[in-house]
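To find a chain, count down the sequence lines: A is the first, B the second, and so on, and within it residues start at 1. Any value given below was found using the heavy atoms of this structure, including those in side chains, with hydrogens, waters and symmetry copies removed.
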Number of protein chains: 2
Amino acid sequence: MNGPQTEENYLESYNPGDYPPVALAADLVVFAVAGSVLHVALVRRGTHPFRDRLALPGGFVGPRESAEDAARRELAEETGLDLGGLLVHIEQLATYSAPLRDPRMRVVSTAHLVLLATNGSTLPALAGAGDAADAGWYPAHEILAGKPGGQLAFDHSVILLDGLNRLAGKMEYTTVATQLLPGEFTLTQLRTVYEAVWNSPMAPGNFTRKMTPQLEDTGQKTRTAGGGAPATLFRATDRHIHPPLARPRTP
Amino acid sequence: MNGPQTEENYLESYNPGDYPPVALAADLVVFAVAGSVLHVALVRRGTHPFRDRLALPGGFVGPRESAEDAARRELAEETGLDLGGLLVHIEQLATYSAPLRDPRMRVVSTAHLVLLATNGSTLPALAGAGDAADAGWYPAHEILAGKPGGQLAFDHSVILLDGLNRLAGKMEYTTVATQLLPGEFTLTQLRTVYEAVWNSPMAPGNFTRKMTPQLEDTGQKTRTAGGGAPATLFRATDRHIHPPLARPRTP
DNA sequence: TAAATAGTGTCTGTAAGACAGTATAAA
DNA sequence: TTTATACTGTCTTACAGACACTATTTA
């Protein structure tokens, strides 16, 4: 390799041997709601560095797949979920590329936000292949409240916070929140998702009024479990909430 | 390398030789406003593939820098701008990793949104080192309107569209638009930026009423050029626009 | 003056926030 | 009945959208 080059001919003369190997990873911020609490899937690390610390699940991107393909594959491997079912939402979050974020070598990681559908009470089983034994669900807000020493491995606390902020923000003006529920759901279920993610109570009446225009009435009603009127089942549409639903101010 | 491995010991046994080289690039979507028109910086390709087509500027990420470091460096190299001046806004956009997005080899690219400050009439000079000779400003909306054959190289049309959407969306609830203006600016200048990005006229009176709470009055006034009252100079704050400024519906 | 721009005032309709009231079911 | 939940209605206040009006400058 002979001297500095301009950007234009840089790529032409690219020679893999001239560059240090860059490992491209895909990390996952997997959310699911149960019992009015937002949970995140984490794995307990068994090896150095950050041994015994919690970390986001993830893995390397293979030669013939995109980062999102890899995220999808890793998710299937660690949860044993059938991704043919449409109840999984995946979107790219951001890429973390600080040179020393992994002390061993250069790992650039593209993080993905994953939303799994639940009925609001049962979390998807995280029992699948190998590593899944270490995987478990943890309350997201408590993890982020971060008791000292309870921080996640690597820069994963930052990634988790970014993921939560992305989700919370998008819920203001889209119907992403429905991705955390089955295909048909009640307004109360949806409201519970909002309360779990925003960590803040919502007035039921006004919530109904604001949400209904973005939803499609299935005509069906629930058979209620514990006292109360049967609720209408809705389906989501791709309509945006306009103007947005205001998130209650935190103080 | 012996058989499939679990995610946990994957990294431990990572061996660069086992993986095809991944080139990590940083592409730039550089915006600036002049004459009520949003412009984007593009370079004309001199070599195959996509010879003579327009493309986003960009370059490879070095071994000891993050993707954003690389974006900043590339920007300086191609514009000759003094990045010590605070009038440059950079934020990560997304990472594009489709295996065949570059026909020659695997290039994963992290795109960045860059906003340059102008007074609204003069575009920053794109004369710097080598490749800058090919660089120029192009009207963003016209490029995206995309006369057939006028498409950008690689997946850069998609990246540009994502960049514009990010900017246009963020302008609804933040003061990012001020990053396309000098440190002190008038409400008319700011309104012009909104009109350029949203490609849609805004009512001056209502714009003033909605924006003022997010701005800080400098107490100074402009010396007007061609007839009209002197305008107040404002500075931006980091306050969010709440509720958001509605973008005029496109139909 | 006239023309151009900056900025304020006013009116109207919509909708958010608060909350009462009604309906439907289970215990 | 009581209790719990689902939903609708009402009232007040805030504000967006439309636009008229005044003020301040240059030509």
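Residues that satisfy the side chain to side chain contact (heavy atoms under 4.5 Å, CB included) test with B:Arg239, not counting sequence neighbours, are B:Gln214, B:Thr237. Listed by chain and number, the residues in a side chain to side chain donor-acceptor pair (under 3.5 Å) with B:Asp69 are B:Ser66 (sequence neighbours excluded). Considering only residues two or more places apart in sequence or on other chains, B:Tyr194 meets the ring pair (Phe, Tyr, Trp, His ring centres under 6.0 Å) condition with B:Trp198, B:Phe207. Remark: B:Thr95 pairs with A:Thr95, B:Thr110 by the side chain to side chain donor-acceptor pair (under 3.5 Å) rule, at least two apart or across chains. Remark: A:Thr178 engages no residue in a side chain to side chain donor-acceptor pair (under 3.5 Å) (not counting sequence neighbours).
Between B:Gln189 atom CD and C:dT5 atom P the separation is 14 Å, expressed in whole Å. One atom, CE of A:Met211, and another, P of C:dA15, lie 16 Å apart when rounded to the nearest Å. The distance from atom CG of B:Leu190 to atom P of C:dT5 is 18 Å, rounded to the nearest whole Å.
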Query - Summary of protein contacts for nucleotides 7-18 of chain D, nucleotide by nucleotide, where a base hit scores B, a sugar-phosphate-only hit scores S (4.0 Å, heavy atoms) - result: SB-------BBB
